[in-house]
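Notes for the one structure printed next.
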Protein chains: 2
Amino acid sequence: MHLRIEFSYNFAIMNNNDLEQLLQDHGIKATANRLIILKALMNSSRPITMQDLTDEIESIDKSNVFRTLSTFREHGLVHVIEACDEGVMYELYRSDSNGPHNDIHPHFHCVVCHKVFCLKGVTVPKLNYPEGFDILEGSFLVNGICPECKA
Amino acid sequence: MHLRIEFSYNFAIMNNNDLEQLLQDHGIKATANRLIILKALMNSSRPITMQDLTDEIESIDKSNVFRTLSTFREHGLVHVIEACDEGVMYELYRSDSNGPHNDIHPHFHCVVCHKVFCLKGVTVPKLNYPEGFDILEGSFLVNGICPECKA
DNA sequence: ATCATTCTGCAACCGGATTGCAAACTCAAG
DNA sequence: CTTGAGTTTGCAATCCGGTTGCAGAATGAT
Ligand SMILES: [Mn+2]
Ligand SMILES: [Mn+2]
Ligand SMILES: [Zn+2]
Ligand SMILES: [Zn+2]
């Protein structure tokens, strides 16, 4: 179990070597499969399920997708979103070129199309918690209807 | 599917008749099993899982616990918390004697003892969401270490 | 008492998550 | 280039919480 390391990547223009480097930076040995899965995660603007990944990547067995995602989590490369009926969804930790920062952001779950969107612009203010509770991380999920489904 | 109705109950001093009334007020027929399950929910200060309930109440089959909880949800008596690895947890909507109010509150998930606590005192401020997203309801879950497990 | 409706326990089912295991692969040492 | 230890992978089996089908029990109105 790694502590999350902050590098400054420009996620928009990553070639294969950059991806290998990204894995190495997190202490993960680069393999063909892991690069494929990493690319798929990187290409998705929204959190995705293991199911999504196994469907999209027909060449890799679901057990390997599962173990790869576990590895990525252990090494602080991805984290999970619990999205109600959608089950657990995965997304990359992204620190964009504006420099390292935690990219905690709320997520929006559309009850119609079941997609989960990242609300990157919405900042959650610090809350004051009761004494004695040590906070590690928070997650905020809102349910509703997305713009596409409303129209 | 009911709209949630707000009554003013004093949850601290409810006898059997009060519980039957609570069910009736939500359009749920009172049965022996339902009263047992309702009591168990009421006695818990924290959200609990279906597993917790079936373990605690050995006289009722898990299928009935499941269907009862579904009924309670449909009628706006309980709601669910998605708590990471703990799965879905149930808690009563509580409007205490201070009068009707929504009792939306954040929840704290202890990664050590796996309990989920209600952070009743912590109010989540209104966030401003992007255009086009219609918000129905939000849930806030923080992970960390609880006072007991820290000691 | 009768009958329609609802509730209940039991057992079976389900689907996603997880694991066991042997083959394939990697890579450093000889 | 071989060898062998350690790692990764696919496949099949398993697990397990949630869910459902169904027949008998309970309910409640006529
Ligand atoms: Mn996100
Ligand atoms: Mn609560
Ligand atoms: Zn939608
Ligand atoms: Zn704890």
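Lettering follows sequence order; numbering is per chain, from 1. Note that this is a predicted model, so its numbers are computed, not measured.
Taking atom CG of residue B:L23 and atom P of nucleotide D:dT27, one finds them 15 Å apart after rounding to whole Å. Rounded to whole angstrom, the span from the CD1 atom of A:I28 across to the P atom of D:dT7 amounts to 15 Å.
The span of DNA chain C lying next to chain A, judged by atoms under 4.0 Å from heavy atoms, is bounded 5' to 3' by C:dA17 to C:dC21.
The aromatic ring centroids of A:H79 and A:Y93 lie less than 6.0 Å from each other. Between B:H107 and B:H105, the ring centre distance stays below 6.0 Å.
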Would you tabulate the pairs of protein nitrogen or oxygen atoms and nucleotide nitrogen or oxygen atoms of nucleotides 16-25 of chain D closer than 3.5 angstrom?
from	atom 1	to	atom 2	distance (Å)
D:dG18	N7	B:K62	NZ	3.3
D:dG18	O6	B:K62	NZ	3.2
D:dG21	O6	B:R67	NH2	3.0

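Nucleic acid contact for B:T71: none, since no nucleic acid atom lies under 4.0 Å from a heavy atom of the residue.
Around CG of B:N128, the count of heavy atoms belonging to other residues, nucleotides or ligands within 6.0 Å does not exceed 12.
With DNA chain C read from its 5' end, the first of the two nearest nucleotides for B:K29 and B:N64 is the one closest to B:K29.
The pair A:E148-A:K115 meets the salt-bridge criterion, with a side-chain N (NZ, NE, NH1 or NH2) lying under 4.0 Å from an Asp/Glu carboxylate O.
Between B:F133 and A:F108, the ring-plane angle classifies as perpendicular under the 30° and 60° cut-offs.
Remark: the backbone N or O of A:N15 is paired with a side-chain donor or acceptor of A:D18 at under 3.5 angstrom. A donor-acceptor pair under 3.5 Å is absent between the side-chain atoms of B:R46 and the main chain of B:C118, judged by distance alone.
For the side chain to side chain contact (heavy atoms under 4.5 Å, CB included) criterion with A:I57, the lone passing option out of A:V65, A:N33, A:D52, A:I37 is A:I37.
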